[in-house]
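Notes follow the structure.
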2 protein chains.
Amino acid sequence: MPSAPDQHAMTMVIRKLKSIAPLLDTDRRAIESLPVRIHNLDARQDIVRDGDKPSHCCLIIDGWACRYKLLSQGKRQILSFHIAGDIPDLQSLHVPTMDHSLGTLTKATVAFIPHDSLRDLTVRHPGIAAIFWRDTLIDAGIFREWLVSMGQRSAFEHVAHLFCELYLKLQAVGLAGNYRCPLPVTQADLADALGLTSVHINRVLQEMRGKTLITLRSRTLVIEAWDELLRISEFDPTYLHLERRAAA
Amino acid sequence: MPSAPDQHAMTMVIRKLKSIAPLLDTDRRAIESLPVRIHNLDARQDIVRDGDKPSHCCLIIDGWACRYKLLSQGKRQILSFHIAGDIPDLQSLHVPTMDHSLGTLTKATVAFIPHDSLRDLTVRHPGIAAIFWRDTLIDAGIFREWLVSMGQRSAFEHVAHLFCELYLKLQAVGLAGNYRCPLPVTQADLADALGLTSVHINRVLQEMRGKTLITLRSRTLVIEAWDELLRISEFDPTYLHLERRAAA
DNA sequence: CGGGTCTTTGACCTGCCTCAAAGGAAGTGG
DNA sequence: CCACTTCCTTTGAGGCAGGTCAAAGACCCG
């Protein structure tokens with residue numbers, strides 16, 4: 001097992017964990033020495049499926065993934081977006097049966113880490129267990145905020161809110177800055193995440209461009225008016241529980 | 001501090017925990033000997049508010065509570081319903097700042113447990129830590145399912161889905177059975193939970209009564225056609241991750 | 001340069017919302 | 001135990017945000 005990619009693999013997860021809580025050096029080293037199996041995946045491939053009982057967790061090293069759930073008649077709800085450093089199926093450690101699927105949105109590099117190693121890690125390093133727990137709790141906080149958006153915000157506000165969230169999450173791990181971030185997902189993906197149709201997403205995006213709030217071209221989002229975007233969507237970053245470092 | 005009410009207080013949380021995972025006797029006893037401060041609250045009272053940094057967790061002993069978030073113009077999104085045995089702000093152990101509020105829906109009895117005692121408990125009893133973690137993960141699973149309902153289900157299906165969920169959760173702790181359960185919330189509360197208006201909730205309920213699916217009178221829900229309700233809402237109980245015991 | 005995917009546009013439709021008011025139920029004080 | 005009050009449910013009429021269906025561009029990658 002080569003060590004160069006592993007090193008990079010672990011760089012991102014360390015950054016991610018540091019973005020949500022202080023991390024001891026001993027804990028960092030323990031994480032870096034986890035055994036991982038690295039895979040390269042195409043876009044739109046499943047990683048774990050609804051109903052599976054996985055024996056590994058999946059760490060995203062590069063590319064984007066999402067959790068989603070399928071209903072009859074081809075309806076799909078995207079539940080969360082995931083980027084480098086995320087472990088989207090960490091919950092499978094304590095809830096063995098998947099109640100949703102996890103798949104890539106873009107080409108992606110992922111690392112599989114055996115449950116056994118992770119369990120061992122959390123037993124030996126209670127601090128890591130606490131950070132992992134905290135991560136899943138923040139995850140839940142993001143679901144709650146998505147519920148608020150779904151239930152109470154207009155399509156326009158909802159899109160604006162999502163863009164603020166994604167920008168801050170990417171910024172927190174060094175993947176965004178200067179009001180510019182990657183957004184390598186289709187309008188249909190956005191629609192499935194927001195509970196709208198791609199037609200309507202398209203019209204909302206045009207309206208946002210018309211108001212010089214954002215531009216979205218070649219898989220890159222540029223936020224032209226951050227404060228305005230915050231105001232419109234009543235965005236309050238508290239729920240992301242990021243370590244302070246980044247401006248909001 | 002009287003021990004009779006404490007006993008009852010702990011009965012429900014033990015039942016709740018047993019409904020989601022096996023519980024060791026030593027762990028049960030450790031939980032039963034937690035120090036608690038018991039309060040009686042009126043309906044529609046806040047327990048913890050958005051932005052607070054609580055030093056206690058709140059265990060519901062009797063009555064109903066909900067998590068919610070307020071937006072400008074009086075909009076309210078209810079994020080979850082909570083019943084006896086639940087500890088809705090368990091996450092405050094690892095995420096100190098509340099990113100939502102917690103309040104009663106009915107008159108309620110609650111027990112406050114100091115964070116210190118709970119942290120001590122989880123350190124001494126890793127099994128309890130694991131169950132607590134699992135509980136918060138199941139919570140997140142419920143948020144995900146609510147997202148699916150919000151994004152993809154019609155108002156009718158959404159209401160049906162919620163009723164299935166509430167019935168099973170109540171049944172799991174012995175508060176429901178025979179397709180009959182308490183539902184002491186107003187139509188306005190339901191509306192705020194489902195992202196609809198109370199007017200529309202009212203019309204959906206009438207339609208459900210018309211189809212002899214349910215009756216809802218004097219704060220009691222009777223499910224007249226369970227299988228039909230499951231089918232309509234594409235309800236799959238997996239996401240509740242209940243210990244098998246109850247029929248579905 | 002060719003084929004598939006993604007975005008954009010138009011016309012029409014509908015599920016749910018808004019506003020407003022009346023009817024019922026349930027708790028409270030006398 | 002009644003009368004009052006307050007909250008909750010129900011009903012009606014009209015409106016709009018976002019959906020549906022279908023087709024035409026634009027882009028991207030091999």
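Sequence lines set the chain letters: A, B, ... in the order given, protein chains first and strands last, and positions in each chain run from 1. All of these numbers come straight from a predicted model, not from anything done at the bench.
In this structure, CG of B/Asp42 is placed 13 Å from P of D/dC7, rounded to the nearest angstrom. Distance CG (A/Leu194) to C1' (D/dG19): 15 Å, rounded to an integer number of Å. At whole-Å resolution of the value, NE2 in A/His200 and C1' in C/dT8 are 15 Å apart. Atom CE in B/Met208 sits about 14 Å away from atom P in D/dT10, given to the nearest Å. When the P atom of C/dC17 is taken as reference, atom CG of B/Asp192 falls 11 Å away, rounded to whole Å. The separation between B/Glu207 atom CD and C/dC16 atom P is 10 Å, rounded to whole Å. Rounded to an integer number of Å, the gap from CG of A/Leu190 to P of C/dC6 is 12 Å. Rounding to whole angstrom units, CG of residue A/Asn202 and P of C/dC6 are separated by 14 Å.
Nearest-nucleotide assignment on DNA chain D puts the 5′-proximal partner with A/Ile201, out of A/Arg219 and A/Ile201. Each of B/Phe156 and B/Lys107 lies near DNA chain C, and the nucleotide nearest B/Phe156 is the one positioned closer to the 5' end.
B/Lys107 NZ: 12 or fewer foreign heavy atoms inside a 6.0 Å radius.
A salt bridge does not link A/Lys211 to A/Glu224: none of the charged nitrogens lies less than 4.0 Å from a carboxylate oxygen. A salt bridge is absent between A/Lys69 and A/Asp50; no separation between the charged side-chain nitrogens and carboxylate oxygens falls under 4.0 Å. A salt bridge between B/Asp139 and B/Arg67 is present, with a side-chain N of the basic residue lying under 4.0 Å from a carboxylate O of the acidic one.
Put simply, the side chain of B/Arg203 and the base of C/dG15 share no donor and acceptor less than 3.5 Å apart.
Distances shorter than 4.0 Å separate some side-chain N or O of B/Gln206 from OP1 or OP2 on D/dT11. In this structure, A/Thr197 reaches the D/dG19 phosphate: one of its side-chain N or O atoms is under 4.0 Å from OP1 or OP2.
Residue contacts shown for A/Ser198 are absent, as no nucleic acid heavy atom lies under 4.0 Å away. At a threshold of 4.0 angstrom between heavy atoms, the contacts of B/Arg209 are confined to the sugar-phosphate backbone, with no base atom among them. Using a 4.0 Å heavy-atom criterion, one finds that B/Leu196 contacts the sugar-phosphate atoms exclusively.
Counting only heavy atoms from C-beta on, B/Arg44 has its side chain closest to D/dC8 among C/dT18, C/dT7, D/dC8. Comparing atom distances between the B/Val199 side chain and each of C/dC16, D/dG12, C/dT7 picks out D/dG12 as nearest. For B/Ser154, the side-chain atoms get nearest to C/dC16 when compared with the rest of C/dC16, C/dT7, D/dT20.
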| message | Run B/Asp46 and B/Tyr68 through side chain to side chain donor-acceptor pair (under 3.5 Å) and show every step you take. | response | CA-CA 10 Å; B/Asp46 279 340; B/Tyr68 69 93; 2.4 Å; yes
